[in-house]
Amino acid sequence: MTHESISAIVIYDGQCDFCIAWLRWLKLKLEVASISFHDAELERYGLSFEACSQSVFVVTPTSKYAGAAAIAILLKARGNRLTGLLLRSLGPIGRRGYRWIASNRNSFVIRYWTKLLDRGLAHEG
């Protein structure tokens, strides 16, 4: 299995089971640094606790991406180019979908998706 890599850091919610599972899935094919915003020196990245509690961030040497845009960048870097392109091309619909997931992390639907991700990851490992 080949691994892609990206010169960036993912700043995510390390207390969100879905976020953790998704990041584990991402890292199956993409080498990327990551840190929970709870443990990060956010000012180093020009971010606030409030912003990071609402959205994942990808910080590259030249840019910052948040929410759906951050996910699209990571999907593309992972090799899921079509999915990343679809998410970007959906524009406001993709952003709204991201916000719904981020706002409903403890809902039955997201907990179920997390279990599915965990099961898939268990079969990979």
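Nothing fancy with the numbering, it's 1 onward along the sequence. If you're wondering where the values come from, they're calculated on a predicted model, not measured in any experiment.
- When all heavy atoms are compared, the tightest approach of Leu87 to Ala68 is CD2-O, 3.4 Å.
- Linking ILVMFWY residues whenever their side-chain heavy atoms come closer than 4.5 Å, directly or via other members, leaves Ile35 and Tyr65 in distinct clusters.
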### Message
Checking Leu74 against Val58 for the side-chain contact (heavy atoms from CB on, under 4.5 Å) test, could you report, in this order, the C-alpha distance in whole Å, the side-chain angles of both residues, the deciding distance, and whether it holds?
### Response
CA-CA 8 Å; Leu74 293 170; Val58 172; 3.6 Å; yes

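- Residues Ala51 and Phe57 share a closest heavy-atom pair of O-CE1, 3.6 Å.
- Shown here for Ala72 and Gly84, the closest heavy-atom pair between the two residues is CB-O, 3.7 Å.
- Shortest non-hydrogen contact noted between Ala8 and Val32 is O-CG2, 3.7 Å.
- Counting heavy atoms from C-beta outward, Leu86 and Leu75 have side chains that stay 4.5 Å or more apart.
- Atom OG1 of residue Thr83 and atom CZ of residue Arg88 lie 10.5 Å apart, to the nearest 0.5 angstrom.
- Ring geometry, Trp113 versus Phe18: the interplanar angle falls from 30° to 60°, so the pair is classed tilted.
- Between Lys64 and Leu47, the closest side-chain pair of non-hydrogen atoms falls below 4.5 Å.
- Two different hydrophobic clusters hold Phe49 and Val10 under the rule that ILVMFWY side chains link at heavy-atom gaps under 4.5 Å.
- Residues Leu90 and Arg96 have side chains not in contact (no heavy-atom distance under 4.5 Å, counting atoms from C-beta outward).
- Here the closest non-hydrogen pair linking Gly14 and Ile20 is O-CD1, 3.2 Å.
- With rounding to the nearest 0.5 Å, the separation of CD in Gln15 from CG in Asp39 is 8.5 Å.
- To the nearest 0.5 Å, atom OG1 of residue Thr114 and atom CG of residue Asn106 are 9.0 Å apart.
- At distances below 3.5 Å, at least one donor-acceptor pair connects side-chain atoms of Tyr98 with backbone N or O atoms of Val56.
- We find the OG-CG distance between Ser34 and Leu23 to be 4.5 Å, quoted to the nearest 0.5 Å.
- One finds the CD1 atom of Ile71 at 8.0 Å from the CG atom of Leu26 (value rounded to the nearest 0.5 Å).
- Between Asp13 and His38, some side-chain heavy-atom pair lies under the 4.5 Å cut-off.
- The minimum heavy-atom distance between Cys16 and Cys19, with the atom names listed, is SG-SG, 2.5 Å.
- The cluster map of Ile, Leu, Val, Met, Phe, Trp and Tyr, joined by side-chain heavy atoms under 4.5 Å apart, puts Leu28 and Trp22 in the same cluster.
- The NZ atom of Lys29 lies 6.5 Å from the CG atom of Asn80; values are rounded to the nearest 0.5 Å.
- Under a hydrophobic clustering in which Ile, Leu, Val, Met, Phe, Trp and Tyr are joined whenever their side-chain heavy atoms come within less than 4.5 Å, directly or via other members, Leu30 and Tyr12 fall into the same cluster.
- A salt bridge does not link Asp17 to Arg105: none of the charged side-chain nitrogens sits closer than 4.0 Å to a carboxylate oxygen.
- Using bins of under 30°, 30° to 60° and over 60° for the plane-to-plane angle, the ring pair Tyr112/Phe108 lands in the parallel bin.
- Note: the hydrophobic cluster containing Leu116 also contains Leu121 (ILVMFWY, side chain heavy atoms under 4.5 Å, direct or indirect links).
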